[in-house]
Amino acid sequence: MSIISDIRQSQQIDSISFRHILEAEDDELLAELRAAAQQVAIAEYGHEIYVRGLIEISNICKNNCYYCGIRRGNKNATRYRLSREQILDCCSMGHALGFRTFVLQGGEDAYYSDTVMCDIVSAIKAAHPDCAVTLSLGERSRASYAALREAGADRYLLRHETANAEHYAKLHPAEMNLANRKQCLFALRELGYQVGSGFMVGSPYQTVEHLYEDLLFLQQLQPAMIGIGPFLHHHDTPFANEADGSVERCLRMIAILRLLFPKALIPATTALGTAAARGRERGIQHGANVLMPNLSPVAVRRQYELYDNKICTGEEAAECRVCLARRIESIGYHIVVDRGDSKMVVYAQAT
Ligand code: 5AD
Ligand code: FES
């Protein structure tokens, strides 16, 4: 049996095969990897691509991650936050465009207290009972996650960024740590959220061993969604002069993830689309099945700049919706109007 069909069948990969695949220059092996991953995705999800409307609610952040353009230390960033009404307007527009999931993402901005955030979440759920609400607001207390869940939030995205503590410490200042990150993820899972995690491919100091540890951590967490994208430098961060992550390596990682997690939701991310002209399409051809177009008001889009040259910062949501539909159809897929819930067994609440 080939190494690819072995991984596919066992849904396991050992560290030697993993390194072999990441470093291979063997076109035949890579073609087999890609085809297998795409087949697995099609077997689970057909040619349907789920979409989530991403609303970037604030670029104000108390954290200072070395890679991120909206870190608090970036004095050149123009800061903004969206009001409850602006967020609700984005959702209404998104609903009309066929979105049935809204992702509210922002920096760790204290303005969005539990009271403020619970009110926004319940207002969205009241206005759009057919929609799922996903939050991506960073690390909060377990009590906060519980309150937001109670208010109607269905899902939470929090990338672990790297599962290796020493590597984590090279990407973040000492005030942040991996143990806390993991604790947040397990708390979210226990509270009944569909959890999304993930990491950047090619972040500074990342090794093949680190990526393997990321896989092992994901196998332990069993998230509903796994989001990865290449690291892309931002000119006003400590990593301004670091090399961008490799698109090829990111695509290989997507394919491996698909073989290990056949039912997972795997987005073809904006970072992937930024790093290569048809990056998102290629992501889908490597087993991704989700797209997260931007629904934020065009006036603030340029300000949510995690990395340089981010795509879709000038287009209206409706324009991106049409553009994406066309791109996806060009590779034989189509976008569905659906909440796009995970097919994974959601971790049963202990209590
Ligand atoms: N390049 C690529 N991805 C980035 N993110 C943050 N900064 C960058 C960057 N410079 C990713 C992180 C974060 C997500 C919202 O965006 O993984 O979790
Ligand atoms: Fe935004 Fe193509 S997806 S312009």
Side-chain angles (χ1 to χ4, degrees), residues 49 51-59 61 63-71 74 77 97 103-108 134-139 156-163 167-168 171-172 176 181 184-185 196-204 206 214 223 225-247 250 253 267-275 277-281 283-284 291-296 298 301 304-330 335:
I49 299 298
V51 286
R52 281 83 167 86
L54 181 64
I55 307 169
E56 297 155 336
I57 67 170
S58 168
N59 72 347
C61 191
N63 291 334
N64 218 7
C65 310
Y66 300 140
Y67 46 86
C68 184
I70 66 168
R71 64 200 302 273
N74 180 5
L97 290 170
V103 182
L104 275 48
Q105 184 175 85
E108 292 192 17
T134 304
L135 300 177
S136 180
L137 302 170
E139 297 178 16
Y156 204 100
L157 306 182
L158 182 71
R159 288 188 178 176
H160 64 277
E161 311 296 359
T162 171
H167 185 218
Y168 194 94
L171 303 181
H172 304 92
M176 290 177 78
R181 197 86 176 169
C184 288
L185 284 163
S197 198
F199 52 89
M200 291 175 285
V201 176
S203 56
Q206 185 182 64
D214 287 323
M225 179 182 263
I226 304 171
I228 69 169
F231 160 75
L232 300 171
H233 73 277
H234 182 289
H235 62 279
D236 280 323
T237 62
F239 289 165
N241 297 318
E242 298 287 340
D244 288 347
S246 148
V247 170
C250 185
M253 287 300 304
T269 55
T270 304
L272 186 58
T274 298
R278 289 171 59 85
R280 288 167 298 178
E281 292 89 320
I284 289 168
L291 288 165
M292 300 174 65
N294 202 320
L295 277 186
S296 310
V298 173
R301 283 205 195 173
Y304 199 83
E305 190 188 41
L306 308 185
Y307 43 80
D308 285 357
N309 305 314
K310 188 174 159 211
I311 54 168
C312 300
T313 54
E315 284 78 8
E316 291 290 346
E319 293 177 277
C320 281
R321 179 67 180 72
V322 172
C323 169
L324 272 184
R326 215 178 276 140
R327 286 170 178 270
I328 293 322
E329 280 156 26
S330 80
I335 287 171

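Note that ligands are numbered from 1 as they come in the structure, with each ligand's atoms numbered from 1 the same way.
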- Task: Would you check if the distance from the ring center of Y67 to the ring center of H233 is below 6.0 Å?
- Result: no
- So, Y66 versus H172, ring centres under 6.0 angstrom or not? no
- Message: If I take every N, O or S atom of C323, is at least one of them less than 2.8 Å from atom 1 (Fe) of ligand 2?
- Response: no
Taking C-beta and beyond as the side chain, do [X] and [Y] meet within less than 4.5 Å on heavy atoms?
X    : Y    : result
Q206 : T162 : no
I49  : I284 : yes
C250 : I228 : yes
M292 : T270 : no
V298 : E315 : no
L291 : I328 : yes

- Query: Does R326 approach ligand 2 within less than 4.0 angstrom via side chain, backbone, both or neither, non-hydrogen atoms only?
  - Reply: neither
Protein contact of [atom] - nearest heavy atom, named by residue and atom, plus distance:
atom                    : value
atom 3 (N) of ligand 1  : M200 SD, 3.5 Å
atom 13 (C) of ligand 1 : E161 OE2, 3.3 Å
atom 16 (O) of ligand 1 : L306 CD1, 3.5 Å
atom 9 (C) of ligand 1  : L232 O, 3.4 Å

- Query: Is the closest heavy-atom distance from H234 to ligand 1 below 4.0 Å?
  - Reply: no
- Do any heavy atoms of P230 fall under 4.0 Å from ligand 1? yes
- Task: Give the atoms of ligand 1, by number and element, whose distance to some non-hydrogen atom of R159 is under 4.0 Å.
- Result: 11 (C), 12 (C), 17 (O), 18 (O)
- Task: Round to 10° and report the angle made at atom 1 (Fe) of ligand 2 by SG of C320 and SG of C312.
- Result: 100°
- Task: Give the atoms of ligand 2, by number and element, whose distance to some non-hydrogen atom of L324 is under 4.0 Å.
- Result: 3 (S)
- Query: In terms of side-chain geometry, is the basic nitrogen of R301 or E56 positioned less than 4.0 Å from the acidic oxygen of its partner?
  - Reply: no
- Before accepting this row, confirm whether a basic side-chain N of the pair K310/E305 lies closer than 4.0 Å to the acidic partner's carboxylate O. no
- Query: Under a heavy-atom criterion of less than 4.0 Å, does E319 contact ligand 2?
  - Reply: no
- Query: Under a heavy-atom criterion of less than 4.0 Å, does R327 contact ligand 2?
  - Reply: yes
If I apply the N/O under 3.5 Å rule, does [X] come out as touching ligand 1?
X    : value
Q105 : no
Y307 : no
H233 : no

- With distance as the sole criterion, is a donor-acceptor pair present between the side chains of Q105 and Y304 under 3.5 Å? yes
- Task: Return the option from Y304, Y67, F231, F199 holding the heavy atom at the smallest distance from atom 7 (N) of ligand 1.
- Result: Y67
